[in-house]
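A short worksheet on the structure shown next.
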Amino acid sequence: MPMVSIIIPTYNRCELVLQAIQSVQNQTFKDFEVLVIDDNSTDDTQKCITIIKDGRIHYLRNPRKGISSARNFGIENSKGKYISFLDSDDLWLPDKIEKQLEILSQDENLIVWSDASIIDAEGKEKGILLTERYGAKKRKKSGDIFLELLQGNFVSVQSIMLRRDITKKIKFDTSLIYADDYKFVIDLAQNFRYYFIPAPLVKYRIHDNNVISKNPQLWIKDLIKIYTKVTREQNKIIPRKLKAKLFYRLSKHFLIRNRRKFSRYYLWQAFRQNPFKASYLRKLLQSFLVSTPIISVRVEQVKKTEDAFMVKEQTTVMPCVSVVMTSYDHEVYLSESIESVLNQTFGDFELIIIDDSSRDRSKKIIENYANQDPRVKAVYHSENRGIAKTLNEALEIAEGQYIAIAASDDLWLCDKLEKQMKFLNQNNNLVVWSDAYIINAEGKDTGLLWSRRYKIDNKKKNGNIFYELLWGNFICPQSLILKRTIAQEIGFDARLNFAVDYKFLITISQKYNFHFISEPLVKYRMHGQNAIFHGSGLWEKDMLKIFSKIIQQNSNTLPRKLKARLHSRIGKYLLVRKKYKLSRHHFLIASKCEPFNMSYLRRFLRTFSIFHSDKNELGK
């Protein structure tokens, strides 16, 4: 087993990656392996690397998913005790590994990093160190540097060496496009101490094809995600002044993107954290006076911190997830439900709440949240339109890549979106759902899981589950997350009153595969105000429509057993509605489909006795 695994992600950098590999081969310490992770290059990268005659060099091809995914793929395939990273356009000095292993031999729990010298596109020294460039000369670089890193990144991932088992727990965030390395060093700093070697052991290349130089607007989008998540998760340990600084930085990024409401919100948060800094209040007041619709500023080169980036033109920050929530007379539960969404560990979302003309204080509650949190989009109906039309309206408003459904009387666990998005980043065409806890009206755990109540242990929960769903709905709709394009393509059936989610799920399952997360990520509230308890007659009417349509469309392909079951259920719903002739017809078809199931024949015969007893009642 090699002592050190070096991971080099690359994309269309045939000549530069060869130089990077050469700088590793020149190391004074020789017990290593090199994993070159090709992110699906379209040039001659594979040919360039496979001709290298060195058993320590391994070429692995990864589907084009970005640098963070490539690095994680390298970690999964590595074998060394320690891990180091090298970008394919950078270089190492010959004694890098040797010097870092000397430190790790004394304390292997450290994250060892070093300074780097900056070179240009041709590899010439610029005469400046990376720590100088990023204004970190006087900043704390060893020990606990979490708070230091929040002020701006000064740690080069190319210079890091750490134990491989650490990277099994802390990986690169694949939801980020360009700032995944910054998020990685911040995550490490929350759990481990750093050790800084002041000598430059890396040559960091700056050229026009650096990902940051090409896409500063996407870099800023990543920073917004990072700072939003960190300030929410580490709220208690970040000093107020530093928190104010981060909020102010967020406000600048949103202002650059011409999202004034968001910018104003974070300026207010900065002022609240540090009310003695007059500039925050001054800029907040100025933000109300500025009326220019578009900010046009020039893209600058990176100077000291990421704040040096500006966007060339207005760009809208699209949220990753749109959470849709409909509300009707749920003021008792509404605040708790909204809070459970806003407190998610995954912060890149918008919450669309549509109040369907509630008669209680729901509108006032929603207004308060919409005024306090820019992620909340509120819509209020002047008259009740029903759940299907309201959900379809929310889908039209949604801007996120994914749709998640939340109910105004249910709750989400804080890591619901994070766990589902980790899976969707790898398999975005699947419809993901999870188990749920069942709670009572007061929010207390009943001791029941959704999976137990609906007996789904022996049911097919993954892949094509169309036939499985026809036996009965077993999916908690509040646990659902799927691509927005899929949700908009299917939509909700406005002809139904209460079974809109069941019809939605059945229609989706005819075209798309599902994935079940067995861990409960939702708390489903059972109370006397659940929609199904309000109008069982309307629920049965909905089910009658759904099953009749399914049989009409799929009569020739349905298994006989399932077809018998559907006809029997239609017969039961018709019997309740006293449509005896139609009910008898469906029970008879069920009996023909499955002649050895005597219950269908008994139900068929029973319709005659019920019919005659009703006639006698009318005669009296």
- Query: Is the number of heavy atoms from other residues, nucleotides or ligands under 6.0 Å of Lys545 NZ greater than 12?
  - Reply: yes
- Message: Tell me if the NZ atom of Lys225 is crowded by more than 12 foreign heavy atoms within 6.0 Å.
- Response: yes
I'd like to know if the side chain of [X] pairs up with that of [Y] as donor and acceptor (distance under 3.5 Å, no hydrogens or angles considered).
X      : Y      : value
Ser69  : Asn72  : no
Tyr369 : Glu339 : yes
Ser357 : Glu383 : no
Asn440 : Thr446 : no
Asp356 : Asn384 : yes
Asp435 : Ser518 : no

So does [X] pair up with [Y], basic N to acidic O under 4.0 Å?
X      : Y      : result
Glu76  : Arg71  : no
Glu489 : Lys511 : yes
Asp493 : Lys503 : yes
Asp410 : Arg525 : no
Lys460 : Glu468 : no
Arg375 : Glu350 : no
Lys229 : Glu233 : yes

When you compare the side chain of [Y] with that of [X], does any pair of heavy atoms fall below 4.5 Å?
X      : Y      : answer
Arg484 : Glu399 : no
Phe492 : Leu395 : yes
Tyr502 : Asp542 : no

Shortest non-hydrogen contact from [X] toward [Y]:
X      : Y      : result
Ser68  : Leu176 : OG-O, 3.9 Å
Tyr437 : Pro520 : CE1-CB, 3.6 Å
Thr345 : Asp415 : OG1-CA, 3.6 Å
Thr326 : Leu391 : CG2-CD2, 3.7 Å
Glu519 : Ser434 : O-CB, 3.6 Å

- Tyr380 ring centre to Lys363 NZ or CZ under 6.0 Å, with the angle to the axis within 45°? yes
- Message: Under the rule for side chain to side chain donor-acceptor pair (under 3.5 Å), what residues qualify as partners of Arg61, not counting sequence neighbours?
- Response: Asp38, Asn40, Tyr59
